[in-house]
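Below, all heavy atoms of this structure are taken into account, side chains as well, without hydrogens, waters or symmetry copies. The chains referred to below are lettered A, B, ... by the order of the sequence lines, with proteins before strands, and numbering in each begins at 1.
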2 protein chains.
Amino acid sequence: MELVRATNRSVRLRNRSALLSRIFLDGPLTRQDLVRGTGLSQPAVSNVVGDLIDEGLVMEAGAAESDGGRPSMMLRVAPRHAVVIGVDVGETRVRVELFDLTMTVLGSVEYPLEHNGTEPATVAGHVLAGIDRVLADSGIARSEVLGVGIGVSGVVEQGAHAIVDAQTLGWHRVPLQQLVAEGTDLPLHLDNGAKTLGQAEMWFGAGRGARHAVFALVGSGVGAAVVTNGVTYRGASSSAGEWGHTTLVYGGRPCRCGARGCLEAYVGAEAVIDRYREARRGRPVPGEDEESQLGALVAAAEKSETARRVLDETADYLGAGVANLINLFNPERVVLGGWAAMALGGLLPAIRVAAGRQALRAPYAQTTIELGRLGVDAVALGAATLPIARLLATGGIRR
Amino acid sequence: MELVRATNRSVRLRNRSALLSRIFLDGPLTRQDLVRGTGLSQPAVSNVVGDLIDEGLVMEAGAAESDGGRPSMMLRVAPRHAVVIGVDVGETRVRVELFDLTMTVLGSVEYPLEHNGTEPATVAGHVLAGIDRVLADSGIARSEVLGVGIGVSGVVEQGAHAIVDAQTLGWHRVPLQQLVAEGTDLPLHLDNGAKTLGQAEMWFGAGRGARHAVFALVGSGVGAAVVTNGVTYRGASSSAGEWGHTTLVYGGRPCRCGARGCLEAYVGAEAVIDRYREARRGRPVPGEDEESQLGALVAAAEKSETARRVLDETADYLGAGVANLINLFNPERVVLGGWAAMALGGLLPAIRVAAGRQALRAPYAQTTIELGRLGVDAVALGAATLPIARLLATGGIRR
DNA sequence: CGGCTTAATTAATGTCGTCATTAAAATGGT
DNA sequence: ACCATTTTAATGACGACATTAATTAAGCCG
């Protein structure tokens, strides 16, 4: 179904891309490793690698162990060939991080968001200020920045300028990319936060090695990223993966999206706290913000029957939601991430059991359900991979 | 993430595949159409097309209209370069159809299945007998058969020999491909029936032109096929798309899969009839089989409040189920197929409304919900496309 | 220090698409 | 009836690339 023409030059591009990707994702590697890994001939690998070294994208880094014979040189991506910036526009804060090409953090800065002071222009301002800040702090020139990736907790519609719908921020069709672009000419990449988290876990965390994986992001709201055949699936207008608003309890609790019985209305942090409050006959849950309230609930479960019941039910609902993902996507792995999922980590065994009850046996047996390995900062890390993904796809030929 | 090497010869293969696919799917076309459609140069197109003609895969079919200048020749796939066989192993029958490469039916035969006489060996026997029969009837030699595609109403796990799990047939890990292969050495392709139906609608029906589409198959049971980026999505073990057993009503009606609240337990034909019976306080629904019982329900809705209510609820459940697909996959199109969906066609407006209530606005606005165009035989037709899909993918180089 | 092994480079060969040019085939004006 | 015009198809020179085979480089081992 691929109706894209191939030409002789595209051969080189593909091979460059394949080799560079491998060096980046699995490196350091020797030329021989690349020969074995890609099936290309030795001269072809040397030829392409030579170009990459000449262009400063790749560097030799010492010789490999050898037991007789000429030792092969290790190849790695040149860490400072460029830097990338990852931004996490979350429900409560904007976080900007600067990475080199080995994804080492070179600097970061965070701006809290008022609970309702979430004007798009304010957020764009934070992003721009953050970029200036991390560059200034680390003394790196703008020209060295490959690009800026921005993960937003909302639906991001890709296009010439990405448009953002974010219920929790009260945003409707906000041209965030344009707002940021007006303040900088660095290449921008916007994406949904769940998708960037998925990308991060896919490259560096619990998703490594999987071709088909689902990343469930549980925070105040609920989202998911689906990786099919190694690629994040976006759908027709890049809103695929809106797991939080799938119906789980037909006719059930009202959801902030306007429908009823959405998964988010049961397992989102806000909903869990709400359900706990109801179970306490309306007595408020102690804690300043959702994070501490959820913590209070988890702590209370040690002693309180009520709290435990709420958590058990949460695991059941979450398990059923995960089962739906398993039935529909048949992934090799389901990875739970987001701060609420991390806080509820103790429920993992119960979630597994609940999912097993609701999923079909065969696909359930072929998947694992685990927690994310990258913690809460995965969104910014994943956002930073967006410009890199482009670099790898084009074989390192910028723009 | 594509780590496949490219070589000069693979360029030719890709272009052969692209051109052949276009001629097959959109033909007849002229060389110039191909030039415009693929971006290849004229000589390249002529060169490849020349090969295809020499090998008998493609033939010239008359000149196109011309208003001055040398008229271009129409190119089409040679209809009798090969024939293909499509098999529909349904819940109640095995249907075998013979097609030429333009998908014209050259012959067909059907074997009813006893309601519980569904021994795998029996089914394999029917398939083999059907192949012999359609070939004998049409006087076509086995050597002309490109391959046999088999669509099965169950989960098909791909592998060296495909394995089938089919609850409605009482099958568990049945090596159907092997059973059939023992009786013939024609190339076999097994797949889930919903997926072959999707493939058929994608190429020849309501899915034409879409990159992202979901095909929902409602019969006695419920299944779905998901097309992402133009390709049927299979997942890790090709059981993706098991929509029927996603939880829609947490804790609801028991399903034959053992879980509770599955979509299938509400909108599968069997379930709808069951719900109607319950609404009639247990009085049996008139009709010999499910098909006539469902027909009776639809007919009764003209007069009976009860029947109408059952149908309305069915539309609501189905709409919610469709909404889940829209939220998760963000398709351009949702196509409803299968005999029960066809019988319930009158509910389409209600289903659209119900889906709109439960789906997020943005993805809902970007999709259409429609009925399949190919009717009930789409499963066999789609199965027959499996060997052809392989032919197109390899650029017409057999095996 | 020579024999052996493995890595990397160079040389020769062949595949393939592009560009530019030429041949072919139809229409329409004069 | 004939030639200019237009559009399609076929040819040939050229360049980009990967492949195989042969060479050179660089280490270990006894």
> Which one, D:dC17, C:dG17, C:dA8, comes nearest to the side chain of A:V11?
Replying inline: D:dC17
> Under 4.0 Å between a side-chain N or O of B:R5 and OP1 or OP2 of D:dT19?
Replying inline: yes
> What integer distance in Å separates A:R14:CZ from D:dA18:C1'?
Replying inline: 14 Å
> Just how far, in rounded Å, is C1' of C:dC16 from CG of A:L13?
Replying inline: 16 Å
>> Assess whether a salt bridge exists between A:R333 and A:E201, defined as any Lys/Arg side-chain N lying under 4.0 Å from an Asp/Glu carboxylate O.
In response: no
> Do A:N8 and B:N8 have side-chain heavy atoms sitting under 4.5 Å apart?
Replying inline: yes
>> Can you measure B:N15 atom CG to C:dC16 atom P for me and round it to whole angstrom units?
In response: 10 Å
> Please give, in whole Å, the distance from D:dA18 C1' to A:R16 CZ?
Replying inline: 16 Å
> According to a strict under-4.0 Å criterion, is A:R12 in side-chain N/O contact with OP1 or OP2 of D:dA18?
Replying inline: yes
> Can you check the A:D51 CG to D:dA16 P distance for me, whole Å?
Replying inline: 13 Å
>> From CD of A:Q42 over to C1' of C:dT5, roughly how many Å is that when rounded to an integer?
In response: 13 Å
>> Below the 4.0 Å mark, does C:dT18 have OP1 or OP2 next to a side-chain nitrogen or oxygen of B:S41?
In response: yes
>> Which residue is it: B:H212, B:Q366, B:E332? I am looking for the one with a side-chain hydrogen bond (donor to acceptor under 3.5 Å, both in side chains) to A:S237.
In response: B:Q366
> Where does the angle between the aromatic ring planes of B:F329 and A:F329 fall among parallel (under 30°), tilted (30 to 60°) and perpendicular (over 60°)?
Replying inline: tilted
>> Taking the nucleotide of DNA chain D with the nearest heavy atom to each, does B:T30 or B:N8 sit closer to the 5' end?
In response: B:T30
> Does B:R31 make a side-chain N or O approach to OP1 or OP2 of D:dA9 shorter than 4.0 Å?
Replying inline: yes
> When you measure from the side chain of B:R9, which nucleotide among D:dA9, C:dC16, D:dT19 comes out closest?
Replying inline: C:dC16
>> Rounded to whole Å, how long is the line connecting atom CG of A:L75 with atom C1' of C:dA7?
In response: 12 Å
>> Testing the 3.5 Å rule here: is there a donor-acceptor pair between the side chains of A:N229 and B:R234?
In response: no
>> Within the 4.0 Å heavy-atom criterion, would you say A:Q32 contacts the bases, only the backbone, or no part of the nucleic acid?
In response: sugar-phosphate
>> Under 4.0 Å from OP1 or OP2 of D:dA10: is there any side-chain N or O of B:N47 that close?
In response: no
>> What is the distance, to the nearest angstrom, from the CG atom on B:L34 to the P atom on C:dG17?
In response: 14 Å
>> Under 4.0 Å, heavy atoms only, any strand: does B:S46 hit a base, just the sugar-phosphate, or nothing?
In response: sugar-phosphate
